[in-house]
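Below is one structure; the comments refer to it alone.
Per chain, numbering begins at 1; letters A, B, ... match sequence-line order.
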Number of protein chains: 2
Amino acid sequence: MALADAEGLGAVTVRRLAAALGVTPMALYWHVATKDDLVAALADRVLDAVRVPEETGDWEEDLRAALLALVAALRPHPQLAPLVADRLLEHPGGLALSEAALRCLAAAGHGPQPAGYLASQALRTAITAVTGDRPAGADDPAGAQEHEARLRRQQAALAALPPDRYPALVAHAAEVARCTGTDAHVALAVDVFVTGVRGAAARGAVGAGPTAP
Amino acid sequence: MALADAEGLGAVTVRRLAAALGVTPMALYWHVATKDDLVAALADRVLDAVRVPEETGDWEEDLRAALLALVAALRPHPQLAPLVADRLLEHPGGLALSEAALRCLAAAGHGPQPAGYLASQALRTAITAVTGDRPAGADDPAGAQEHEARLRRQQAALAALPPDRYPALVAHAAEVARCTGTDAHVALAVDVFVTGVRGAAARGAVGAGPTAP
DNA sequence: ACCTGAACACCGTTCAAGT
DNA sequence: ACCTGAACACCGTTCAAGT
């Protein structure tokens with residue numbers, strides 16, 4: 001986990017991990033069947049930190065709480081966030097959040113099929129909201145510096161676009177390039193989702209097409 | 001691209017691609033500087049299919065159209081969807097969609113900072129909505145069969161959970177396990193986002209915390 | 001129960017060389 | 001301009017063996 005946090009997922013390697021543990025690469029295969037199992041265990045470790053909120057009965061509040069609980073668990077390990085999507089239905093914490101989301105969506109008036117899809121979409125939303133938050137090496141100043149340089153290059157590239165074609169991007173190059181997911185931003189993204197669920201349920205409900213207002 | 005569609009991203013390998021082209025691995029390095037450039041080109045190829053919708057002036061309609069345009073481009077290549085996130089700001093089509101999203105969010109009443117974040121979050125939503133849609137090998141029946149088996153196992157695992165703890169998951173195991181992103185589902189996810197943007201803007205607008213109703 | 005060592009089939013990539 | 005060949009440093013993993 002320290003390895004992944006410090007140097008990114010790409011650094012999580014049987015051989016590098018073994019070296020970090022002062023052991024032979026093959027030693028890991030006693031504790032774990034395959035590398036996939038190892039990274040799954042990593043994701044599970046992240047999900048272990050999920051504090052499942054208790055139900056209040058207000059589905060909006062409950063859905064928001066479930067998503068924010070996931071966000072809170074992912075926050076310390078943004079590098080590992082993309083991994084947890086595949087583990088949500090295999091981990092008790094992930095299952096609890098899925099259960100909560102599913103019930104909230106049903107309570108909002110969505111039918112079982114859309115609710116099932118939206119539940120997973122909801123949790124994925126929380127995941128993407130924190131993904132790519134911090135770059136690869138947030139620890140050492142070298143990585144941070146390089147990341148900062150890349151941001152500046154990106155921002156400059158946006159600012160240099162033809163303003164007649166991309167006026168908004170040029171005007172707000174800084175905001176677009178550095179759209180880091182602060183707590184307020186992530187909370188906003190969650191809010192957008194929750195609010196949208198209510199609106200969509202209010203006008204479409206069960207099987208109706210979502211386009212007709 | 002055919003390789004990625006048929007066997008998944010993991011099969012996209014310098015050596016395998018070279019073999020498929022009947023050429024030496026090193027031959028590729030004449031046309032491409034690095035493997036990362038190669039997969040970036042792959043993502044760009046997907047974005048080439050984006051048909052940028054014309055503006056109507058109604059930001060809700062325009063935002064929905066932009067997201068659906070991205071969805072339409074990603075649909076034929078769900079395996080490659082996760083790649084395009086990193087290319088959105090480097091490709092004309094992606095830039096056009098980003099520009100459109102940014103303007104819509106500003107028009108909805110969001111300040112430049114939240115709008116910048118939400119614009120990228122919007123496009124990521126479209127991406128996740130189609131991601132993992134089809135498994136790895138949708139072509140050969142062997143892969144399809146294996147995928148079907150995995151689905152069934154997943155569904156059975158959900159159905160076998162303690163019903164007192166996960167009543168909704170147990171009751172709707174089928175819908176959760178097979179939450180494939182049909183067109184209607186993806187449209188619903190887009191609708192949830194668009195609706196949420198309006199709701200959040202209506203009550204929070206510029207800098208206010210998103211939690212207070 | 002836990003680890004080592006040698007080996008295998010695969011990676012991406014460099015660099016000098018061919019035509 | 002485009003491709004080859006040999007080489008290097010890295011992968012995940014098997015399998016037999018040690019203690």
Would you call A/V12 and A/L17 a side-chain contact if the rule is heavy atoms closer than 4.5 Å?
no
Is there side-chain contact between A/E90 and B/Q154, with at least one heavy-atom pair below 4.5 Å?
yes
Separation of [N] [atom2] from [X] [atom1] (nearest whole Å):
| X | N | atom1 | atom2 | result |
| --- | --- | --- | --- | --- |
| B/R15 | C/dT13 | CZ | P | 11 Å |
| B/D36 | C/dG12 | CG | P | 10 Å |
| B/L28 | D/dC2 | CG | C1' | 12 Å |
| A/M26 | C/dC3 | CE | P | 14 Å |
| A/L21 | C/dT4 | CG | C1' | 15 Å |
| B/W30 | C/dT19 | CH2 | P | 17 Å |
| B/L38 | C/dT13 | CG | C1' | 14 Å |
| B/K35 | D/dA9 | NZ | P | 21 Å |

Under 4.0 Å: is that the gap between some side-chain N or O of B/T13 and OP1 or OP2 of C/dC10?
no
C/dG12 phosphate, OP1 or OP2: any side-chain N/O from B/T34 under 4.0 angstrom?
no
Give me the atom names and distance for the closest heavy-atom approach of B/V186 to B/A129.
CG2-O, 3.7 Å
Closest non-hydrogen atom pair, A/A122 against A/L67
O-CD2, 3.6 Å
Any stems for DNA chain D, made of 3 or more Watson-Crick or G-U pairs in a row, each with both distances under 3.5 Å?
C:4-8 with D:12-16, C:12-16 with D:4-8
Nearest to side-chain heavy atoms of [X], which nucleotide of [options]:
| X | options | result |
| --- | --- | --- |
| A/H31 | D/dG5, C/dC3, D/dT13 | C/dC3 |
| B/A27 | C/dA1, D/dT13, D/dC3 | D/dC3 |
| B/V23 | D/dT4, C/dA1, C/dG12 | D/dT4 |
| A/R16 | C/dG5, C/dA1, D/dC11 | D/dC11 |

Hey, which of A/V197, A/V190, A/V192 is the one that makes side-chain contact (heavy atoms from CB on, under 4.5 Å) with A/V194?
A/V190
Does the B/H110 side chain pair with the main chain of B/Y117, one donor and one acceptor, at a distance under 3.5 Å?
no
Distance check, C1' atoms only: C/dC10 and D/dA9, in whole angstrom units.
13 Å
Does CZ in A/R45 sit with more than 12 non-hydrogen atoms of other residues, nucleotides or ligands closer than 6.0 Å?
no
